[in-house]
Amino acid sequence: MSETHEVVNVVSGDPLVQIRSVRKSYGAHEVLRNISLGAPEGSVTVLLGPSGSGKSTLLRCINHLETIDGGRIIVDGELIGYRQSGNKSHEMTPRQIAKQRQSIGMVFQKFNLFPHLTALENISEAPIGVSGKPRAAARARAVELLDRVGLADFAQHYPAQLSGGQQQRVAIARALAMDPKLMLFDEPTSALDPELVGDVLDVMRELAREGMTMIVVTHEIGFARGVADQVVFMDGGIVVESGPPHEVLDNPQRLRTRSFLESVQ
């Protein structure tokens, strides 16, 4: 990342997530081109767009799984992945970055569960190993979370014994076990059989009702219409159009947005 960016002063009252002029390239290919958007605390932001539009890359940049080439990402007043010294920025150490990630839960398209651990162990592993939570307390919390995602009877099941939808719900519970202030979802239902999608979306709807701040990459237009506070349509590494669901989904102003929505609805 360049070390010549301006100093950003974070003031109270700003959105929980602030993405400011973010750029990201892979070689000569510019994946994110000056992206700026904000997500208030307790809101649900849905990122829509065709494959290759930069949605997943942006999500990965928010918790610094990808470095950025310019701009700033701020979560709850804290600059993500970098520290400022004067008018220069320097990437944090791996330990500092790992600590930041503890407050940002992420659920991937693939479930990424540990195959040799039960559902309960998958959920309690990070609180014990990363946060130092007592084993009994971590396991009790895992039981609560399994019940929350509708899998109270599956605590001792291994991933291979669970359906894709059940594995994804365990993955959501695992992310929640760290008590994040922000949840990121990267196409969480795209790898599931159609009949399994509903259970995962129901868990996400309940999280939204409870006030969890969420940024979701998905092609589930019904979910976006019913749950999102803001819909952001991306294409070619830029934000083409954004606003409330009834504006972007039902009355899009840009031809590219209309064309995309016609292709997926």
Shared hydrophobic cluster, [X] / [Y] (ILVMFWY, side-chain heavy atoms < 4.5 Å):
{"X": "Val227", "Y": "Val197", "answer": "yes"}
{"X": "Val264", "Y": "Leu249", "answer": "yes"}
{"X": "Leu176", "Y": "Phe108", "answer": "no"}
{"X": "Val31", "Y": "Phe233", "answer": "no"}
{"X": "Leu120", "Y": "Phe111", "answer": "yes"}

Is there side-chain contact between [X] and [Y], with heavy atoms separated by less than 4.5 Å?
{"X": "Ser242", "Y": "Val231", "answer": "no"}
{"X": "Leu196", "Y": "Gln168", "answer": "no"}
{"X": "Met106", "Y": "Leu65", "answer": "yes"}
{"X": "Ile80", "Y": "Arg72", "answer": "no"}
{"X": "Val22", "Y": "Asn34", "answer": "no"}
{"X": "Met204", "Y": "Leu201", "answer": "yes"}
{"X": "Gln109", "Y": "Pro188", "answer": "no"}
{"X": "Ile73", "Y": "Tyr82", "answer": "no"}

Legend entry - Leu182 and Ile62: CA distance, side-chain angles, deciding distance, side chain to side chain contact (heavy atoms under 4.5 Å, CB included) verdict: CA-CA 10 Å; Leu182 169 67; Ile62 293 173; 4.0 Å; yes
Legend entry - Residues which pass salt bridge (Lys or Arg N to Asp or Glu O under 4.0 Å) with Glu144, listed by chain and number, not counting sequence neighbours: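 Per chain and number, Glu144 pairs via salt bridge (Lys or Arg N to Asp or Glu O under 4.0 Å) with Arg141.
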So, for [X] and [Y], which heavy atoms are closest and what is the spacing to 0.1 Å?
{"X": "Gly243", "Y": "Val248", "result": "N-CG2, 3.3 Å"}
{"X": "Phe114", "Y": "Arg174", "result": "N-NH1, 4.4 Å"}
{"X": "Pro180", "Y": "Ala175", "result": "CD-O, 3.4 Å"}
{"X": "Leu32", "Y": "Cys61", "result": "CD1-SG, 4.1 Å"}
{"X": "Gly165", "Y": "Val200", "result": "O-CG2, 3.7 Å"}
{"X": "Ser124", "Y": "Pro127", "result": "O-CD, 3.3 Å"}

Legend entry - Summary of ring-ring contact (aromatic ring centres under 6.0 Å, His included) pairs that have at least one residue in residues 133-162, sequence neighbours excluded: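 Every ring-ring contact (aromatic ring centres under 6.0 Å, His included) pair that includes a residue of residues 133-162, provided the two are not neighbours, is Phe154-His157.
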Inset, instruction - Answer yes when Arg23 and Asp69 have at least one side-chain N-carboxylate O distance shorter than 4.0 Å, and no when they do not. - result: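 The answer is no: the pair does not qualify as a salt bridge.
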Legend entry - Exceeds 12 heavy-atom contacts within 6.0 angstrom, atom CD of Glu41: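 Atom CD in Glu41 is not packed in, count stays at 12 or less.
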Inset, instruction - Assess whether atom CZ of Arg254 is packed by more than 12 heavy atoms of other residues, nucleotides or ligands within 6.0 Å. - result: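 Not buried by this count: 12 neighbours or fewer within 6.0 Å.
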Inset, instruction - Could you walk me through whether Val107 and Met183 pass side chain to side chain contact (heavy atoms under 4.5 Å, CB included), step by step? - result: CA-CA 8 Å; Val107 178; Met183 285 284 286; 4.0 Å; yes
Inset, instruction - For Val17 and Ile74, run side chain to side chain contact (heavy atoms under 4.5 Å, CB included): C-alpha distance rounded to whole Å, both residues' side-chain angles, the deciding distance at 0.1 Å, then the answer. - result: CA-CA 6 Å; Val17 183; Ile74 299 160; over 6 Å; no
Legend entry - With sequence neighbours excluded, residues passing side-chain contact (heavy atoms from CB on, under 4.5 Å) with Val203: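 Expected list: Val149, Arg169, Ile172.
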Main chain of [Y], side chain of [X]: is a donor-acceptor contact present, judged purely on distance under 3.5 Å?
{"X": "Asn251", "Y": "Glu247", "value": "no"}
{"X": "Glu241", "Y": "Thr257", "value": "no"}
{"X": "Arg33", "Y": "Gly236", "value": "yes"}
{"X": "Ser36", "Y": "Ser21", "value": "yes"}
{"X": "Thr118", "Y": "Glu121", "value": "yes"}
{"X": "Ser163", "Y": "Gln166", "value": "yes"}
{"X": "Lys24", "Y": "Leu58", "value": "no"}

Legend entry - Donor-acceptor side-chain pairing of Gln96 and Thr93 below 3.5 angstrom: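 Distance-only check passes for Gln96 and Thr93.
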Extract all donor-acceptor atom pairs below 3.5 Å that involve side chains of residues 206-223 and protein atoms in other chains or at least two apart in sequence.
residue: Glu206; atom: OE1; partner: Arg209; partner atom: NE; Å: 3.1
residue: Glu206; atom: OE1; partner: Arg209; partner atom: NH2; Å: 2.7
residue: Glu210; atom: OE1; partner: Arg148; partner atom: NE; Å: 3.4
residue: Glu210; atom: OE1; partner: Arg148; partner atom: NH2; Å: 2.2
residue: Thr213; atom: OG1; partner: Gly42; partner atom: N; Å: 2.7
residue: Thr218; atom: OG1; partner: Glu220; partner atom: N; Å: 3.0
residue: Glu220; atom: OE2; partner: Thr189; partner atom: OG1; Å: 3.4

Inset, instruction - Dump the intermediate steps for side chain to side chain contact (heavy atoms under 4.5 Å, CB included) on Arg20 and Leu37, then the final yes or no. - result: CA-CA 7 Å; Arg20 300 182 175 181; Leu37 58 93; over 6 Å; no
Legend entry - Rounded distance [0.5 Å steps], CG in Leu113 versus CD in Gln167: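 Result: 5.5 Å between the selected atoms.
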Show which side-chain atoms of residues 44-56 pair as donor or acceptor with protein atoms under 3.5 Å away, not counting sequence neighbours.
residue: Thr45; atom: OG1; partner: Gln230; partner atom: NE2; Å: 3.0
residue: Ser53; atom: OG; partner: Pro50; partner atom: O; Å: 2.8
residue: Ser53; atom: OG; partner: Lys55; partner atom: NZ; Å: 3.4
residue: Lys55; atom: NZ; partner: Gly49; partner atom: O; Å: 3.0
residue: Lys55; atom: NZ; partner: Pro50; partner atom: O; Å: 3.1
residue: Ser56; atom: OG; partner: Asp186; partner atom: OD1; Å: 2.6
residue: Ser56; atom: OG; partner: Asp186; partner atom: OD2; Å: 3.3

Throw together a table of side-chain donor-acceptor distances under 3.5 angstrom for residues 97-104, partners on residues two or more places apart or in other chains.
residue: Gln100; atom: OE1; partner: Gly81; partner atom: N; Å: 2.9
residue: Gln100; atom: NE2; partner: Glu78; partner atom: OE2; Å: 3.1
residue: Gln100; atom: NE2; partner: Leu79; partner atom: O; Å: 2.8
residue: Arg101; atom: NE; partner: Asn63; partner atom: O; Å: 2.8
residue: Arg101; atom: NH2; partner: His64; partner atom: O; Å: 2.7
residue: Ser103; atom: OG; partner: Gln100; partner atom: O; Å: 3.0

